*Asks:* 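Just dropping this structure here.
Bear in mind that the values here come from a model prediction, so they are computed numbers and not experimental data.
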Amino acid sequence: MADVKPVTASTFAPLRGAKRWEFLERARTIRFATANEDGSIYLSPLWLVVHERRIFIPVDAASKHGANFESGRPLAALVDGGDEYATVHGVRIHGTMTATDDPELYELLQGLVRQKYFYKNHPYAEAYFEFGEFAGRRYFELVPEKMIGWDMRELTEVPANEARVLPDHIGDRLLEGE
């Protein structure tokens, strides 16, 4: 029997390049798994914004992820979507986190979060940003070492009923014998 190379969704239906970045820009949730000091794994969803193909995560000072990001311990992240085989898509990211301390970048990222997650006069927008000031919110940049993306939607055809509207002088050859 010949050697069979395993096939994964990321090799069968890869999500790469500009498509991957556009997917990440629109994504609203990223799931992080970080290593705690005792070696256990901490897993939770966070928000993200993308600016110039750089991924930024808002994190409050007391966040367990924040402490794990600062420590430099291993982490993995996942952005995904889809509810069934034909619509499953996502990006898995392995990398490191870098704290951003540039005040101009902070303000830019705050604006991107406001634009992405809140609409004008959103009832929770001000509370979110005020709490962030109180809680010492800052941004970390996720610096990817490896990104693996897949998009099963690339393989499926959208089902559609066929409709033919032919001019009166043209008959349907399939119906002529009737």
Side-chain angles (χ1 to χ4, degrees), residues 1-60 62-102 105 108-109 112-113 115-117 137-164 172-174:
M1 195 159 149
D3 288 336
V4 177
K5 183 180 178 188
V7 176
T8 64
S10 63
T11 57
F12 191 60
L15 179 59
R16 298 185 180 124
K19 285 183 181 181
R20 177 171 54 203
W21 283 106
E22 288 178 17
F23 168 67
L24 291 171
E25 285 175 13
R26 288 190 314 275
R28 297 181 61 82
T29 305
I30 185 168
R31 293 162 180 82
F32 270 96
T34 58
N36 292 321
E37 192 172 12
D38 65 2
S40 62
I41 302 299
Y42 182 66
L43 174 67
S44 71
L46 296 171
W47 283 355
L48 75 151
V49 289
V50 175
H51 176 65
E52 297 178 345
R53 290 193 173 191
R54 295 167 61 196
I55 303 166
F56 295 93
I57 313 299
V59 177
D60 296 337
S63 163
K64 189 173 281 251
H65 278 310
N68 291 343
F69 293 163
E70 291 276 2
S71 75
R73 289 188 288 273
L75 64 89
L78 175 68
V79 179
D80 65 321
D83 295 320
E84 55 191 60
Y85 179 75
T87 61
V88 172
H89 56 287
V91 176
R92 189 174 69 234
I93 305 168
H94 298 270
T96 57
M97 298 300 274
T98 303
T100 60
D101 296 318
D102 177 355
L105 180 58
L108 176 92
L109 297 174
L112 291 174
V113 166
Q115 191 176 23
K116 185 173 189 175
Y117 294 98
R137 185 169 301 138
R138 59 195 294 207
Y139 287 86
F140 285 84
E141 180 179 357
L142 172 55
V143 181
E145 293 169 6
K146 186 173 188 177
M147 295 173 73
I148 302 161
W150 60 94
D151 191 348
M152 299 308 284
R153 298 170 303 173
E154 293 279 338
L155 303 177
T156 59
E157 290 186 30
V158 177
N161 292 328
E162 182 180 335
R164 289 188 254 174
D172 188 335
R173 65 177 173 80
L174 299 176

*Asks:* Do Leu24 and Val79 touch side chain to side chain, with heavy atoms closer than 4.5 Å?
*Replies:* yes
*Asks:* May I ask you to test the Ile57-Met97 pair for a side-chain heavy-atom distance under 4.5 Å?
*Replies:* yes
*Asks:* For Ala35 and Ile41, which heavy atoms make the closest approach, and how far apart are they?
*Replies:* CA-CD1, 4.4 Å
*Asks:* Taking side-chain contact (heavy atoms from CB on, under 4.5 Å) as the test, write out the residues that go with Ala77, two or more places apart.
*Replies:* Ile30, Phe32, Ile93, Leu142
*Asks:* Lys19: which residues meet the salt bridge (Lys or Arg N to Asp or Glu O under 4.0 Å) condition with it, sequence neighbours left out?
*Replies:* Glu154
*Asks:* Step through the shown structure and confirm whether more than 12 heavy atoms of other residues, nucleotides or ligands are within 6.0 Å of CG on Asp83.
*Replies:* no
*Asks:* Which heavy atom in Gly90 sits nearest to a heavy atom in Leu15, and how many Å separate them?
*Replies:* O-CD2, 4.0 Å
*Asks:* Which pairs count as salt bridge (Lys or Arg N to Asp or Glu O under 4.0 Å) when at least one residue sits in residues 85-99, sequence neighbours excluded?
*Replies:* none
*Asks:* Mind checking salt bridge (Lys or Arg N to Asp or Glu O under 4.0 Å) for Arg20 and listing every partner two or more places apart, or none if nothing turns up?
*Replies:* none
*Asks:* Tell me every residue that passes side chain to side chain donor-acceptor pair (under 3.5 Å) with Ser71, counting only those two or more places apart in sequence or in another chain.
*Replies:* Arg73
*Asks:* By the definition side-chain contact (heavy atoms from CB on, under 4.5 Å), identify the one residue from Val59, Val113, Thr98 that meets it with Tyr139.
*Replies:* Val113
*Asks:* Just jot down the ring-ring contact (aromatic ring centres under 6.0 Å, His included) partners of Phe56, sequence neighbours excluded, or say none.
*Replies:* none
*Asks:* Who passes side chain to side chain donor-acceptor pair (under 3.5 Å) against Asp151, sequence neighbours left out?
*Replies:* Arg153
*Asks:* Among pairs that include at least one residue of residues 41-54, which meet side chain to side chain donor-acceptor pair (under 3.5 Å), considering only residues two or more places apart or in two chains?
*Replies:* Ser44-His65, Arg54-Glu141
*Asks:* Should Thr96 and Leu75 be marked as a side chain to side chain contact (heavy atoms under 4.5 Å, CB included) after you check the CA-CA gap, both sets of side-chain angles, and the distance that decides it?
*Replies:* CA-CA 7 Å; Thr96 57; Leu75 64 89; 5.7 Å; no
*Asks:* Output all residues satisfying salt bridge (Lys or Arg N to Asp or Glu O under 4.0 Å) with Arg31, sequence neighbours left out; order by chain, then residue number.
*Replies:* Asp80
*Asks:* Test side chain to side chain contact (heavy atoms under 4.5 Å, CB included) on Trp21 and Ile55 and set out the steps.
*Replies:* CA-CA 10 Å; Trp21 283 106; Ile55 303 166; 3.7 Å; yes
*Asks:* Just verifying a value: how many Å separate Leu109 CG and Leu48 CG, rounded to the nearest 0.5 Å?
*Replies:* 11.0 Å
*Asks:* Between atom CD of Glu84 and atom CE of Met152, what is the distance when rounded to the nearest 0.5 Å?
*Replies:* 12.0 Å
*Asks:* For Asp101, give me all partners under salt bridge (Lys or Arg N to Asp or Glu O under 4.0 Å), at least two apart in sequence or on another chain.
*Replies:* Arg138
*Asks:* I'd like to check the side chain to side chain donor-acceptor pair (under 3.5 Å) partners of Asp38; sequence neighbours left out, ordered by chain and number.
*Replies:* Ser40
*Asks:* Mind checking the CZ-CG spacing from Arg28 to Leu46? Nearest 0.5 Å is all I need.
*Replies:* 14.0 Å
